[in-house]
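All figures in this text were calculated on a predicted structure; none of them were measured in a lab. Side-chain atoms are counted along with the backbone in the values below, which use heavy atoms only and exclude waters and symmetry mates. One-based numbering along the sequence shown.
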Amino acid sequence: MNDEVQKWYALQVRSRFEKVVSMHLQGKGYRDYLPLYKSRRRWSDRVKEIEVPLFPGYVFCKFDVRDKLPILVIPGVMTVVSFGSGAISIPDHEIDGVQNIVNSGLMYGPFPFMSSGTPVRVKHGPLRGLEGHVVEVKNTYQLIISITMLSRSVSVAIDRDSVTPLTAQYAAAVS
């Protein structure tokens, strides 16, 4: 498979089929990404911590969009997320940002999508170099990394001294 024509795409999957789809993709040799986070769930007799998808209903996969039929026939896959007539790829830096948060060892979880906010770059710590938006929540900062195409975001608690605002010129150049 030629890596130059392969890009990341979001697959919309049936509810609670994310892990099944991920296993099938791996079995067919595709590079997939299913970010999970730990969530505490309460039942009548106990509380249990389980791993659930960070983006429910979606699995990310890197493939050549011209050859999507083998992916669409996987049980649970509904469609490749698209706008208009074609599938829209997800930039590598957005997938890398989510992977950095998941692998950082910090507490993280889903967060409502933000379309506005101050763009920042993390200056030090395990997330150094990562860019996102910051919101203040109860005297602490939350760094928000967004997957723009899905209108979904991930938040991670971060020390307010760890981030520096991006200049307007730099933010416009990156967009």
Side-chain angles (χ1 to χ4, degrees), residues 1 3-13 18-19 21-23 25-26 30-42 47-63 81 83 87-175:
M1 293 183 191
D3 197 42
E4 292 178 9
V5 294
Q6 292 187 352
K7 297 182 188 231
W8 285 105
Y9 294 92
L11 305 177
Q12 186 175 14
V13 301
E18 296 90 353
K19 292 178 182 177
V21 168
S22 178
M23 287 184 349
L25 287 168
Q26 292 170 17
Y30 288 101
R31 184 170 171 205
D32 76 306
Y33 184 54
L34 175 60
L36 303 170
Y37 74 101
K38 293 184 193 264
S39 175
R40 295 176 65 89
R41 300 292 164 102
R42 179 177 297 276
V47 175
K48 186 175 181 182
E49 192 171 87
I50 60 173
E51 283 192 324
V52 294
L54 192 55
F55 303 102
Y58 298 96
V59 175
F60 302 105
C61 185
K62 194 168 196 175
F63 63 97
V81 176
F83 295 103
I88 304 295
S89 65
I90 299 171
D92 287 344
H93 69 87
E94 289 188 0
I95 297 292
D96 292 343
V98 174
Q99 288 174 331
N100 284 340
I101 287 175
V102 169
N103 297 328
S104 71
L106 300 172
M107 293 293 296
Y108 64 93
F111 194 83
F113 182 74
M114 288 181 18
S115 60
S116 64
T118 306
V120 296
R121 177 184 292 138
V122 180
K123 2 181 227 196
H124 55 271
L127 301 178
R128 188 173 81 214
L130 195 61
E131 295 175 4
H133 294 86
V134 167
V135 295
E136 191 169 359
V137 180
K138 296 181 185 172
N139 298 324
T140 63
Y141 276 158
Q142 297 286 319
L143 177 65
I144 309 300
I145 300 299
S146 300
I147 300 293
T148 307
M149 184 184 72
L150 297 181
S151 295
R152 302 286 176 105
S153 298
V154 178
S155 78
V156 62
I158 192 163
D159 180 26
R160 68 180 64 224
D161 297 329
S162 297
V163 297
T164 184
L166 292 174
T167 63
Q169 292 172 337
Y170 180 81
V174 173
S175 298

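The shortest side-chain heavy-atom distance between Val102 and Tyr33 falls under the 4.5 Å cut-off. Val81 has its side chain within reach of Leu150: a pair of non-hydrogen atoms, C-beta onward, lies under 4.5 Å apart. Residues Arg152 and Pro56 meet the side-chain proximity criterion, which asks for heavy atoms closer than 4.5 Å. Contact check for Pro91 versus Trp8: no side-chain heavy atoms found under the 4.5 Å cut-off. Counting heavy atoms from C-beta outward, Val154 and Val156 have side chains that stay 4.5 Å or more apart. In this structure the side chain of Phe60 never reaches within 4.5 angstrom of the side chain of Leu11, judged on heavy atoms. Side-chain contact check for Leu127 versus Arg121: every heavy-atom pair is 4.5 Å or farther apart.
Among all heavy-atom pairs drawn from Pro110 and Ser155, the shortest one is O-OG, 4.3 Å. Nearest heavy-atom pair across Gly109 and Leu54 is C-CD1, 3.7 Å. Gly97 and Leu130 make their closest contact through CA-CD1, 3.4 Å (heavy atoms, listed as atom of the first residue, atom of the second, distance). Between Cys61 and Tyr30, the closest heavy-atom pair is SG-CB, 3.8 Å.
For Arg42, the side-chain contact (heavy atoms from CB on, under 4.5 Å) criterion is met by Val47, not counting sequence neighbours. The side chain to side chain donor-acceptor pair (under 3.5 Å) search around Ser39 returns Arg41, not counting sequence neighbours. For Leu36, the side-chain contact (heavy atoms from CB on, under 4.5 Å) criterion is met by Lys19, Leu34, Glu51, Pro53, not counting sequence neighbours. Partners of Asn103 according to the side-chain contact (heavy atoms from CB on, under 4.5 Å) rule, which considers only residues two or more places apart in sequence or in another chain, are Gln99. Partners of Tyr58 under the ring pair (Phe, Tyr, Trp, His ring centres under 6.0 Å) rule, at least two apart in sequence or in another chain, do not exist in this structure. Residues meeting the ring pair (Phe, Tyr, Trp, His ring centres under 6.0 Å) test with Tyr9, sequence neighbours left out: Phe63. With sequence neighbours left out, the side-chain contact (heavy atoms from CB on, under 4.5 Å) criterion links Asp32 to Ser22, Leu25, Gln26, Val59.
Within the model, atoms CE of Met23 and CD of Glu18 stand 12.5 Å from one another, a figure rounded to the nearest 0.5 Å. With rounding to the nearest 0.5 angstrom, the CG atom of Asp96 is 12.0 Å from the CD1 atom of Ile90. Separation of atoms OG (Ser89) and CD (Gln6) is listed at 12.5 Å; rounding is to 0.5 Å. Taken to the nearest 0.5 Å, the NZ atom of Lys62 stands 9.5 Å off from the NZ atom of Lys7.
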From CA spacing to verdict: side chain to side chain contact (heavy atoms under 4.5 Å, CB included), Val98, Asn100:
CA-CA 5 Å; Val98 174; Asn100 284 340; over 6 Å; no
